[in-house]
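The structure appears right after this line, and notes come after that.
Counting starts at 1 for both ligands and their atoms, following the listed order. This one's a predicted model, so the numbers in the text were calculated from it and none came from an experiment.
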Amino acid sequence: MDITLQKSAIQKQSSVKITGSKSESNRLLLLQALFPEIELNNVSNSDDSNLMMKALASIEKIVDIHHAGTAMRFLTAYFAVQEGRETILTGSKRMKERPIKILVDALRELGADISYVENEGFPPIAIKGKKLSKHKVSLKANVSSQYISALLLIATKLENGIELMLEGEITSVPYINMTLSLLNEIGIETSFKNNVITVHPSKSKPKPLTVESDWSSASYYFSIAAISKVGTQITLSSYKENSLQGDSCLVDIYKHFGVTSKFNENFVTLTKETSAVKPLTLDLKNAPDIAQTIAVTCFVLGVSCDLTGLHTLKIKETDRLVALKTEIEKLGGNVEISEKSLHLKASKDIKPMVPIATYNDHRMAMAFAPVALKQPVIIEDAGVVSKSYPTFWDDLKTIGFNLTK
Ligand SMILES: O=C(O)C1=C[C@@H](OP(=O)(O)O)[C@@H](O)[C@H](O)C1
Ligand SMILES: C=C(OP(=O)(O)O)C(=O)O
């Protein structure tokens with residue numbers, strides 16, 4: 001399904017309720033499978049969380065998690081400690097290109113029985129669940145933090161907890177801290193000092209937990225606010241000022257575009273205060289999922305940006321660096337990329353009615369939607385948004401976007 005977005009202007013004041021964070025949800029669903037007394041509220045209705053739920057409840061041998069990266073990584077660790085259970089964990093064509101060797105090597109080091117079904121280092125994998133005997137392991141930390149979170153999430157199943165020695169520069173650190181905080185919430189003691197993370201054997205104290213709404217999904221509204229008229233306000237729920245999600249750094253980043261954020265109870269209201277914008281330089285190694293949003297905001301506003309810390313973008317739903325360059329250039333922009341950075345030149349004109357390819361990547365579809373505030377645009381295969389935010393298009397319609405399916 002392609003969606004055509006006519007040139008739109010949003011209401012002066014609007015509000016949107018966004019589904020729960022898929023990152024928090026996928027961690028908590030795994031923890032709930034280990035500690036069934038945990039009660040969860042505002043769990044994400046994303047495909048990735050539904051797939052996680054289904055996989056955890058499945059009694060089938062073959063478990064297919066499609067495009068869901070966190071589910072792939074977290075379930076690799078989970079099934080490795082399900083004693084006596086044999087699982088083949090597989091995914092979409094793209095998932096079979098997303099590396100998993102660092103995690104598999106670490107689990108094998110701890111005693112796990114995992115083998116590759118097709119290509120060495122990539123899903124699908126065959127897992128024979130067993131009790132893991134060791135508790136100390138070193139692993140590279142500069143490729144994906146999801147490997148580290150996966151190991152931390154199963155630490156309570158190991159007699160002596162876990163001690164991880166992280167090698168190299170640590171990427172996506174806020175996601176590791178999110179995992180540790182959620183473990184702490186249910187009474188598990190942890191420490192993270194320099195490059196060593198420890199989960200101590202401790203007794204859990206499960207309790208009801210409410211998932212905060214998804215900050216990566218909120219990023220599209222920060223972009224919309226930044227591109228809208230001065231005075232435009234968008235209220236999002238349910239959000240808190242002290243979030244576990246690293247993408248809440250949007251609050252600071254979008255000040256650069258004249259967008260302020262005010263928290264009140266469980267709402268955050270974004271206000272476009274000023275229209276002056278300057279070139280932007282930003283390191284996104286702690287918030288890789290908002291790179292596409294920010295690049296498109298800059299392009300539409302006609303300002304240049306230098307985004308660094310993007311080394312993980314090449315192994316996500318698609319190679320996001322190449323996808324961004326290709327699609328922004330179709331619209332008339334000029335983008336240079338390296339293996340880990342993106343430079344966008346300032347440009348004035350945006351070509352109308354360009355079909356934007358989305359490469360099975362929800363964030364490509366959502367990041368380019370705000371283009372419609374300046375020019376009509378077509379988003380191809382727009383249903384991809386369901387990976388993290390199934391009601392995205394309906395919500396855009398509610399706030400004033402003029403779109404036809
Ligand atoms: O742990 C998580 O929930 C995630 C970690 C990040 O991945 P990397 O650590 O691979 O960058 C992020 O991009 C992904 O969307 C969700
Ligand atoms: C990279 C993402 O997800 P995952 O790695 O879990 O597929 C994302 O949601 O942007």
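Remark: the Thr235 side chain and the Thr269 side chain contain an N/O donor-acceptor pair separated by less than 3.5 Å. Between the side chains of Thr260 and Glu273, at least one donor-acceptor pair of N or O atoms lies under 3.5 Å. Thr190 and Asn184 are linked by a side-chain donor-acceptor pair at a separation below 3.5 angstrom, with hydrogens and angles left out of the test.
For Glu83, the CD atom counts as densely surrounded, since its 6.0 Å shell holds more than 12 non-hydrogen atoms of other residues, nucleotides or ligands.
In summary, the atoms of ligand 2 found under 4.0 Å from a heavy atom of His67, numbered by their order in the structure, are 7 (O).
Among Gln146, Lys22, Glu317, the residue whose heavy atom lies nearest to atom 14 (C) of ligand 1 is Gln146. Looking at Ser23, Ser144, Ala68, Ser21, it is Ser144 that brings a heavy atom closest to atom 10 (O) of ligand 1. With distances taken over non-hydrogen atoms, the option nearest atom 5 (O) of ligand 2 out of Arg320, Lys387, Arg98 is Arg98.
The single protein non-hydrogen atom nearest to atom 1 (O) of ligand 1 is Arg27 NH2, 2.6 Å, given as residue, atom name and distance. Protein heavy atom closest to atom 10 (O) of ligand 2, with residue, atom name and distance, is Arg363 NE, 2.6 Å. Distance from atom 1 (C) of ligand 2 to its nearest protein heavy atom, with residue and atom name: Glu317 OE1, 3.2 Å.
Remark: ligand 1 and Tyr175 share no N or O pair separated by less than 3.5 Å (distance only, no angle test). At under 3.5 Å, not a single nitrogen or oxygen of Arg73, backbone or side chain, sits near a nitrogen or oxygen of ligand 1. For ligand 2, the polar-atom distance check finds an N/O of Thr70 within less than 3.5 Å of one of the ligand's N/O atoms. Residue-to-ligand polar distances keep Thr171 apart from ligand 1: every N/O pair is separated by 3.5 Å or more. For ligand 2, the polar-atom distance check finds no N/O of Ala68 at less than 3.5 Å from any of the ligand's N/O atoms. Among the atoms of Asp289, some N or O lies under 3.5 angstrom from an N or O of ligand 1. Not a single N or O atom of Arg73, backbone or side chain, sits closer than 3.5 Å to an N or O atom of ligand 2. At least one N or O atom of Lys316, backbone or side chain, sits closer than 3.5 Å to an N or O atom of ligand 1.
The shell of residues lying under 4.0 angstrom from ligand 2, judged by heavy atoms, excludes Met72.
By the criterion of a heavy-atom distance under 4.0 Å, both the backbone and the side chain of Ser145 are placed next to ligand 1. Heavy atoms of Pro288 found under 4.0 angstrom from ligand 1 belong exclusively to the side chain.
Residues satisfying the side chain to side chain donor-acceptor pair (under 3.5 Å) criterion with Ser149, sequence neighbours excluded, are Arg27, Thr179.
The list of salt bridge (charged side-chain N to carboxylate O under 4.0 Å, His left out) pairs with a residue in residues 161-190, not counting sequence neighbours, reads Glu169-Lys285, Glu185-Lys207.
Put simply, the residue from Lys54, Arg73, Lys387 that forms a salt bridge (Lys or Arg N to Asp or Glu O under 4.0 Å) with Asp48 is Lys387. In summary, of the residues considered (Ile290, Thr293, Leu270, Val268), a side-chain contact (heavy atoms from CB on, under 4.5 Å) with Leu250 occurs for Ile290 alone.
Using bins of under 30°, 30° to 60° and over 60° for the plane-to-plane angle, the ring pair Tyr221/Tyr389 lands in the tilted bin.
Here Arg320 pairs with Asp361 in a salt bridge; the nearest charged N to carboxylate O distance falls below 4.0 Å.
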